[in-house]
Amino acid sequence: MTAQRIDGKALAARLQETVAARTAGLGATQGLRPGLAVVLVGSDPASQVYVRSKRRRTAEAGMQSFAHELPEDTGEAALLELIARLNTDPAVHGVLVQLPLPAHIDPMRVLAAIDPAKDVDGFHVVNAGRLATGQPGLVPCTPLGCMMLLRERHADLSGLHAVVLGRSNIVGKPMAQLLLAENCTVTVVHSRSRDLPMLCRQADILVAAVGRPELVRGDWIRPGATVIDVGINRVVRPDGTARLIGDVAFDEAAAVAGAITPVPGGVGPMTIACLLANTLIASCRQAGLPDPDLTPAPGA
Ligand SMILES: Nc1nc2c(c(=O)[nH]1)N[C@@H](CN(C=O)c1ccc(C(=O)N[C@@H](CCC(=O)O)C(=O)O)cc1)CN2
Ligand SMILES: [Mg+2]
């Protein structure tokens with residue numbers, strides 16, 4: 001079997017098109033222009049790529065993009081002061097601080113300082129708690145994008161066995177909550193789980209989010225299962241060139257799975273598109289407006 005390739009780049013473009021249309025409508029009817037502030041501390045090369053992409057996509061969607069670049073040695077107090085200013089700035093509807101932060105800064109303290117209403121990453125404990133208790137809030141971008149990718153293949157997820165490989169606060173845990181909310185039977189496996197291949201083979205849906213290049217092999221996958229690869233591992237080839245690979249051995253997996261997301265071109269672009277969707281949702285809520293319909297534009 002050769003798996004259906006779930007095209008995250010195409011789906012992200014469709015979602016971005018919908019967000020841009022809703023943003024234009026908001027401007028025309030309410031005179032409201034959503035604003036996203038992206039804060040980068042230091043000069044991590046991968047973070048610079050992602051932040052550049054976020055800022056570009058924000059502007060393309062017709063939103064205001066506010067860039068804040070702070071030096072690596074920025075103190076935690078100075079960063080918290082900037083966040084306090086962004087929390088009260090009426091032109092700013094979404095605030096994100098690019099992770100990872102330099103080691104001397106406590107990310108939990110920084111994320112807790114963002115106004116939950118402007119927490120478009122969905123990382124704040126208030127939004128994490130709302131997700132865990134089935135209340136409306138802002139949902140982390142990567143898991144949200146994974147759910148949209150799954151809906152390209154499954155109209156109804158009820159009763160399917162989903163295995164989430166990884167338990168991070170920004171992907172694994174919210175991913176499990178979203179799958180549970182769709183009535184999946186959810187198993188979360190991690191580095192301390194015993195017999196990972198056996199546990200993964202039980203999955204109708206396997207979400208790999210561990211940050212270990214090609215950990216998941218073809219024989220870890222139930223024939224016909226849907227595989228969502230969240231991995232974004234940069235590896236250097238013998239000739240010195242770098243390439244991006246996922247947490248799943250793609251070729252082996254594609255020979256067994258029913259559907260699979262590629263890396264690059266799968267989950268990554270959806271992360272950015274969902275960030276824009278969250279920014280639009282946050283701006284509507286702050287203006288006392290109903291949530292926009294963000295069903296992605298129909299595919300070709
Ligand atoms: N504050 C946040 N920090 C981080 C997040 C996040 O959601 N919020 N997630 C990741 C990085 N990330 C977004 O910031 C991200 C990673 C990858 C991509 C992406 O589009 N990847 C492309 C390939 C691009 C490349 O690396 O060459 C792909 O997979 O096709 C977008 C966003 C950690 N930090
Ligand atoms: Mg990807």
Side-chain angles (χ1 to χ4, degrees), residues 5-13 15-16 36-58 60 65-70 79 82-83 86 94-102 105 107-114 118-124 127-128 131 138-149 166 168-175 178 208-211 213 227-236 241-248 250 260-279 282:
R5 184 181 181 278
I6 307 176
D7 187 343
K9 201 168 179 180
L11 182 57
L15 178 57
Q16 169 113 7
L36 174 63
V38 178
V39 181
L40 175 64
V41 182
S43 52
D44 171 71
S47 292
Q48 289 178 319
V49 168
Y50 305 141
V51 161
R52 228 181 356 258
S53 183
K54 291 178 181 181
R55 288 169 180 162
R56 185 175 74 250
R57 295 293 184 205
T58 302
E60 285 172 357
S65 175
F66 302 100
H68 295 273
E69 307 228 342
L70 305 177
L79 177 54
L82 169 60
I83 291 170
L86 295 172
V95 178
L96 80 85
V97 177
Q98 189 63 22
L99 299 178
L101 282 164
I105 295 178
M108 296 302 274
R109 198 194 307 269
V110 168
L111 297 176
I114 298 173
K118 296 192 178 185
D119 169 38
V120 289
D121 264 327
F123 295 162
H124 193 287
N127 285 311
L131 178 60
L138 289 167
V139 175
C141 305
T142 295
L144 191 56
C146 291
M147 292 308 291
M148 293 182 181
L149 289 163
S168 72
N169 287 337
I170 68 174
V171 182
K173 288 174 185 169
M175 190 73 224
L178 290 171
V210 279
V227 178
I228 306 290
D229 189 354
V230 183
I232 41 170
N233 308 289
R234 290 181 187 283
V235 293
V236 180
T241 57
R243 72 186 180 108
L244 201 63
I245 57 172
D247 291 347
V248 177
F250 183 86
I260 186 168
T261 60
V263 176
V267 171
M270 287 305 296
T271 295
I272 302 238
C274 287
L275 170 65
L276 302 179
N278 277 354
T279 303

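The figures that follow rest on heavy atoms only: side chains count, while hydrogens, waters and symmetry mates do not. For ligands, and for the atoms within them, numbers begin at 1 and follow the listed sequence.
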For [X], take its heavy atoms, then give the atoms of ligand 1 lying under 4.0 Å from any of them.
X: G265; answer: 28 (C), 29 (O), 30 (O)
X: P264; answer: 23 (C), 28 (C), 29 (O), 30 (O)
X: R234; answer: 25 (C), 26 (O), 27 (O)
X: L96; answer: 1 (N)
X: L99; answer: 1 (N), 2 (C), 3 (N), 4 (C), 33 (C), 34 (N)
X: I272; answer: 31 (C)

What part of [X] sits under 4.0 Å from ligand 1 if we count only heavy atoms: the side chain, the backbone, both or neither?
X: P269; answer: both
X: L275; answer: neither
X: K9; answer: neither
X: V97; answer: backbone

Mind checking side-chain hydrogen bond (donor to acceptor under 3.5 Å, both in side chains) for R55 and listing every partner two or more places apart, or none if nothing turns up?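 Scan of R55 (side-chain hydrogen bond (donor to acceptor under 3.5 Å, both in side chains), adjacent residues dropped) gives E69.
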If you round to the nearest 0.5 Å, how far is [atom2] of [Y] from [atom1] of [X]?
X: M175; Y: S168; atom1: CE; atom2: OG; result: 11.5 Å
X: C141; Y: K54; atom1: SG; atom2: NZ; result: 7.0 Å
X: T58; Y: L276; atom1: OG1; atom2: CG; result: 5.0 Å
X: I105; Y: L99; atom1: CD1; atom2: CG; result: 11.0 Å

Would a 4.5 Å heavy-atom cut-off, applied to side chains only, mark V230 and V210 as touching? no
With a 4.5 Å heavy-atom cut-off, do L11 and M270 have their side chains touching?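 SC-SC contact between L11 and M270 confirmed.
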To which of L111, L244, V95 does the heavy atom nearest atom 23 (C) of ligand 1 belong? L244
Closest to atom 6 (C) of ligand 1 (heavy atoms only, candidates V49, V171, D121) is D121
Side chain to side chain contact (heavy atoms under 4.5 Å, CB included), paired with K118, selected from L36, V95, I83: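 The option that passes is V95.
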Check whether any N or O atom of K54, backbone or side chain, sits under 3.5 Å from an N or O atom of ligand 1, and answer yes or no.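 Indeed, backbone or side chain, K54 has an N or O that close.
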Can an N or O of T142 be found at a distance shorter than 3.5 Å from an N or O of ligand 1? no
Closest non-hydrogen atoms of A273 and A12, given as atom of the first, atom of the second and distance, are CB-O, 3.8 Å
